[in-house]
There are 2 protein chains.
Amino acid sequence: MTAMEFSSAEMPRMAANALRAIAMDAVEKAKSGHPGMPMGMADIATVLWNRYLKYNPANPRWLNRDRFVISNGHGSMLLYGLLHLTGFDLPMAELQNFRQLHSKTPGHPEYGETEGVEVTTGPLGQGIANAVGMALAERWLAARFNRPGHEIIDHYTYVFAGDGCMMEGISHEASGLAGHLGLHKLILLYDDNLISIDGPTSLSFSDDVPKRFSAYGWHVQSVDGHDPEAVARAIEAAQAETGHPSLIACRTIIGMGAPNLAGTAKTHGSPLGAEEVAATRKNLGWDWPPFKVPSPVLNFWRENRGRGKRAEQEWKERLGAYRKAFPEEGKELARIVEGRPSEAWVKPLQALRATLKKEAPASMATRTASGQVLDTIAMMHPDLLGGSADLTPSNNTRAKGFEDIAPGVFGGKYVRYGVREHGMAAVMNGLARHGGVVPYAGTFLIFSDYMRPAVRLSAIMGTQVIYVFTHDSIGLGEDGPTHQPVEHYAALRAIPNLYLFRPGDIRETLESWEAALKRTDGPSALPLTRQNLPTQPGTGEGGVAKGGYILADAPKGKRLRVLLLATGSELHLAMEAREALAKSGIGARVVSLPCWELFEKQPPAYRNQVLPPRIKARVAVEAGVSLGWERYIGMDGLMVGMKGFGGSAPYLKLYESFGITTAAVVRAAKKVAK
Amino acid sequence: MTAMEFSSAEMPRMAANALRAIAMDAVEKAKSGHPGMPMGMADIATVLWNRYLKYNPANPRWLNRDRFVISNGHGSMLLYGLLHLTGFDLPMAELQNFRQLHSKTPGHPEYGETEGVEVTTGPLGQGIANAVGMALAERWLAARFNRPGHEIIDHYTYVFAGDGCMMEGISHEASGLAGHLGLHKLILLYDDNLISIDGPTSLSFSDDVPKRFSAYGWHVQSVDGHDPEAVARAIEAAQAETGHPSLIACRTIIGMGAPNLAGTAKTHGSPLGAEEVAATRKNLGWDWPPFKVPSPVLNFWRENRGRGKRAEQEWKERLGAYRKAFPEEGKELARIVEGRPSEAWVKPLQALRATLKKEAPASMATRTASGQVLDTIAMMHPDLLGGSADLTPSNNTRAKGFEDIAPGVFGGKYVRYGVREHGMAAVMNGLARHGGVVPYAGTFLIFSDYMRPAVRLSAIMGTQVIYVFTHDSIGLGEDGPTHQPVEHYAALRAIPNLYLFRPGDIRETLESWEAALKRTDGPSALPLTRQNLPTQPGTGEGGVAKGGYILADAPKGKRLRVLLLATGSELHLAMEAREALAKSGIGARVVSLPCWELFEKQPPAYRNQVLPPRIKARVAVEAGVSLGWERYIGMDGLMVGMKGFGGSAPYLKLYESFGITTAAVVRAAKKVAK
């Protein structure tokens, strides 16, 4: 059989085989990778990408494109194959360079490395939640911009997921939320291939997945994933469903096409081997050498370029009409299309800053301060979408004027995420990656542990999401050790590219929000107190933007002998200690260090001015473990902090009991000053 | 109505009201806590604890007791009320001291603080998974010890859980596993009260929970949680079920009894207030002052002391008969009853150590080394129960001789946890807290993020669980940044009471396992490499037990000028750098630091000998972020490590690309030596 002989009936099969061949050949060449998933889902992908998915290979950032996510990200070669064949900027040379240094085809899809990759996936289940976020963003923007006769935002979000995704808890959290909200433009294609790395899923997995999703309120179908027409009918039925997200459980054979290994775990995470690759070629009737796709097949795939171009063009015309009919909204939409951040919130924030400079409350919890900042700016920031994992009254995340997003009602600015911290964080990643949304949401700092895999992904992707982490230490008091973060500052500071802001009073809180909102290329986290903190003189002068600054120098006439470093709720202890030390004749400088990551980006001259290298007498005070503080206090410094887990008691008793007090800072300072 | 007038029909209601009154009064006195759950679940608890639960208040550690866990741990006062009323060692004075410093009644139940508390709960959903672990431990010990006519292990595990638990992903993972395995002696009583902290659950939660659990393969019932007879019938039906775990969805009213606040979120996490407390007393017909329980009610509850004593006595007689019939097994069982760890594994391990001293492989991945250690000792350690989250072929956790635990078949020594890292870790906590089981299990180090909340709880509880974390750095190569830990050593070192062992070759791997197995009072984590590491001269002499040690001192004749500190896969780089430095005339000492936590427990004299304070020229090398290393290298030292996320490429390319090489260590050493 030669290329020219394909009938139109044969073409979909050959088109799918092109995906199979590319995937197995790339894995073979890399000697590493996962051929099983691409070979198993090739038929589904072929139907979806040629007949339904709306995208323009020439403009991967078209706002109203359908979103496509592979949650089973180890099957990255399927996505790379699709991007190449449909004409995205991904030449075959890149596919031949699969999993090699600086290629555009890393082992798992990575946002920012490859045009057309919507989101970084790989850690299982994340992609499902990302897709929920994208589908929510679509409904939210639709509610914001669509007008009768102008359905300017109206795309689908498709997500592929495997058994592993379905086992992960995050799939439960995100799917429960999607079912609750009725995100009907979300369509999940489940690769039900009965195989995981250990072997048959029957080793560990007996869920009736369709029943489970039906319990979440999803529309559910089951089909043969190798029957293109059945898959097509299911996609159409899913599109026709207008009240519920859709699950299409596709029974597939992993490694489909490999005559000896298909249907086994051996195709999951290893190359097939030269012999089986050859046998697969024969079995599939795929006569071409590695990485060669015959023209008719390539042409078939490349028709999507024209289809996509026309689709975007048609939308642009609708956008033009929209902008004429609704100039104000149109301007905002154009801003989002161009990816420009809103600055409407800046003025009100500066006004609040000016007010707080003149008169700040004597004391206030930083979670309350955060709530005040949000009350001032949140309604003024059109892209801001708030939420909490069922701790709204504690997190103070629901700003004045906010309405809830609710089932089928997407006009509000507040998401009730439920007790689903992990799902929340991953949904936020999806919201942010969709575009047009700057998501923030709250929980207790302790539960950052539940969210950690998704927080990490926001940092890898450089996605603007803002985590509001209240109840940030033993200062939460009676709830006790299970709810008291002690290692969490260190653990979050360890994540590259995450900015951690721990403000010490209302003015530092405002500046932390300001920095987080300005930071459009990465995530920020704000640990905030439950308890009141006294407002400090000298805050609010822009210090937070530098990460660390001299809040109060050695009193006049006193030689600088000790550096006192502090963050957040312990800042006032350092300030009090400075005064006490002055009475003992010791000059101490207080350095506020709310954001280490920003401080470390400052020029050495500035850092050395704030923390003069010659002053080795240093004390750090923070209600957390010392790990990491040695960077600033060295081997000669002392840390006033936590050595183990907290306790259950009113918070002042705990501070006393764990020795995190002004007196302890003074003692430590005197010791190091000697 | 006076105390003496209760009819036997009234008694259960008054017994439940005693729980309600104690809970609301304790929260009122503490001005902090959660009265709603105890008041809502009081009727269910009264039925369970008086009619079904098998326990002996005089011996909370009786091995064959039923296990009882409240996963909705904020309702701790329900548990404290039960423990007090049934006669555990928890006097009323402690309940009056609820949430105060050093009381036995902390805000959330904490294992080790209060007799009768099986497990520390509070972070939602954890308790469900702990209970799955306990139920699995029961079945496992039953398979191990029970003989025809001698059902010596045969208890139930009951768990209370709320809406929040049901929303958390961990509930999905653990319940899916329990359904798969058919843990029929697990009975979950779901407090279906339709309220969470934000308000009605309809704000965020639409799951059909019974349907969802039915999809997991559970036996499912729904009852009125305030109808004691209906609850009793459901418990009996659940006990009668012999193939599946049971969910009993109990429709309840949160804060039941409070005339104005019952059924609202206001009872969830705050005191009712003096007025509502008084109104509740009236409404319940509870005429007694705070913390006063009338004698007939107390007597009714205290009858459980006799019931419990008889139950344990009867079991002891069965144990006696068992020990006569099966002396070998009986001896082992007696060891477990007494809580003594097995030492059967020590000799084979020492034999392997001796062999490796004489002849070790020239190079080996530490994950392979770990597999070899397990092959040698795992079948010899009778309490050891292995597993993996679907990465068995990568983790090398399935030792020679192991059989799988499978649905209804519990005789094996290996659990196929599925792709459920979080559930796995929390199930391990339950296995360990049950007694008779030392659980270990594997996944990739990157996925320690998924497990983190449960890892933290193992550290709080001081529970012996062992985490096998393979693929521990950029050394995993092609899978790329999403799978490459860089911040995880720091993040895990930040958790108090967790020992992190990062061995540098096969002999350090053996010693890490030895230390982890000996450590019966807390968790250990073993990051292990995917890639081969050369075996180093000087390892295997007991250094790991001290956490850090001099592996190679400055060569003879060379003055010690630089300290090179390293762990794991970078140890050999330090060793190679030492040789290169010697050629340049610089004397360098290599310090292996596989376990910081153990090193910090050594006397200062030892630590100062290993790391002489006078030597400030120090270089650390580890394929992770520097956070924390400043503790050992100070402000003058240098770190050869990662500054951001990894990349996708063969691993040696990555080491080269990120500058983690012998040459880089040499350069850094020369720089600091100046």
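In what follows, chains carry the letters A, B, and so on, assigned in the order in which the sequence lines appear, proteins first and then strands, with residues in each chain numbered from 1. Just so it is clear, the model here is predicted, and its values are computed rather than measured.
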Counting only non-hydrogen atoms closer than 4.5 Å, does [X] touch chain A with its backbone (N, CA, C, O), its side chain (CB onward), both, or neither?
X        : value
B:Ala490 : both
B:Lys616 : side chain
B:Ala265 : neither
B:Tyr417 : backbone
B:Leu457 : side chain
B:Ser196 : both
B:Met642 : neither

Residue, of [options], that accumulates the most heavy atom pairs under 4.5 Å with chain A:
options                                : answer
B:Asp208, B:Leu124, B:Ile197, B:Thr105 : B:Ile197
B:His34, B:Met167, B:Gln126, B:His74   : B:Met167
B:Ser204, B:Ser214, B:Ala649           : B:Ser204
B:Gly647, B:Gly480, B:Gly628           : B:Gly628
B:Ile170, B:Leu391, B:Leu177           : B:Leu391
B:Ser626, B:Pro496, B:Gly634, B:Gly179 : B:Pro496

Notebook entry, point to check: Heavy atoms, side chains only, cut-off 4.5 Å: are A:Glu168 and B:Glu421 in contact?
Noted result: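 When only atoms from C-beta onward are counted, B:Glu421 and A:Glu168 do touch, with a gap below 4.5 Å.
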Non-hydrogen atoms of chain B under 4.5 Å away: do they reach the side chain of [X], the backbone, both or neither?
X        : result
A:Ile446 : side chain
A:Ser32  : side chain
A:Tyr489 : neither
A:Asp636 : side chain
A:Ile633 : backbone
A:Phe213 : neither
A:Trp596 : side chain
A:Glu656 : neither
A:Ala454 : neither
A:Val486 : both

Next item on the list: Locate the shortest heavy-atom distance separating B:Leu101 from A:Ser657; write the atom from each residue and the value.
Entry: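 Looking at all heavy atoms of both residues, the shortest contact is CD2-CB, 3.9 Å.
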Check: Of all heavy-atom pairs between B:His483 and A:Pro123, which one has the smallest distance, and what is that distance?
Finding: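 Looks like CE1-N, 4.0 Å.
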Next item on the list: Without swapping roles, check the side chain of A:Glu173 against the backbone of B:Gly169 for a donor-acceptor pair under 3.5 Å.
Entry: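 Between the backbone of B:Gly169 and the side chain of A:Glu173 there is a qualifying donor-acceptor contact (under 3.5 Å).
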To the nearest 0.5 angstrom, please state how far the [atom1] atom of [X] sits from the [atom2] atom of [Y].
X        : Y        : atom1 : atom2 : result
B:Leu627 : A:Ile495 : CG    : CD1   : 11.0 Å
A:Asn497 : B:Lys643 : CG    : NZ    : 15.5 Å
A:Ile460 : B:Phe645 : CD1   : CZ    : 4.5 Å

Tell me, out of [options], who's got the most heavy-atom pairs with chain B below 4.5 Å.
options                                : result
A:Thr482, A:Asp390, A:Asp207, A:Leu203 : A:Asp390
A:Gly217, A:Pro650, A:Gly423           : A:Pro650
A:Lys31, A:Arg398, A:Lys653, A:His488  : A:His488
A:Met451, A:Arg452, A:His172, A:Met635 : A:His172

Item checked: Inter- and intrachain pairs under salt bridge (charged side-chain N to carboxylate O under 4.0 Å, His left out), touching residues 481-493 of chain A, at least two apart ->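 Of all non-adjacent pairs touching residues 481-493 of chain A, those that pass salt bridge (charged side-chain N to carboxylate O under 4.0 Å, His left out) are A:Glu487-B:Arg456, A:Arg493-A:Glu622.
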Next item on the list: Only one of A:His180, A:Arg420, A:Arg416 passes side-chain contact (heavy atoms from CB on, under 4.5 Å) with B:Phe205; say which it is.
Entry: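 Among A:His180, A:Arg420, A:Arg416, the one that satisfies the side-chain contact (heavy atoms from CB on, under 4.5 Å) with B:Phe205 is A:Arg420.
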Item checked: Salt bridge present between A:Arg631 and B:Glu630 (N-O < 4.0 angstrom) ->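 A salt bridge links A:Arg631 with B:Glu630.
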Please list, one pair per line, the donor and acceptor atoms closer than 3.5 Å that link side chains of residues 106-114 of chain A to other protein atoms, with sequence neighbours excluded.
residue: A:His108; atom: ND1; partner: B:Asp479; partner atom: O; Å: 2.8
residue: A:Tyr111; atom: OH; partner: A:Arg433; partner atom: NH2; Å: 2.7
residue: A:Thr114; atom: OG1; partner: A:Lys104; partner atom: O; Å: 2.7

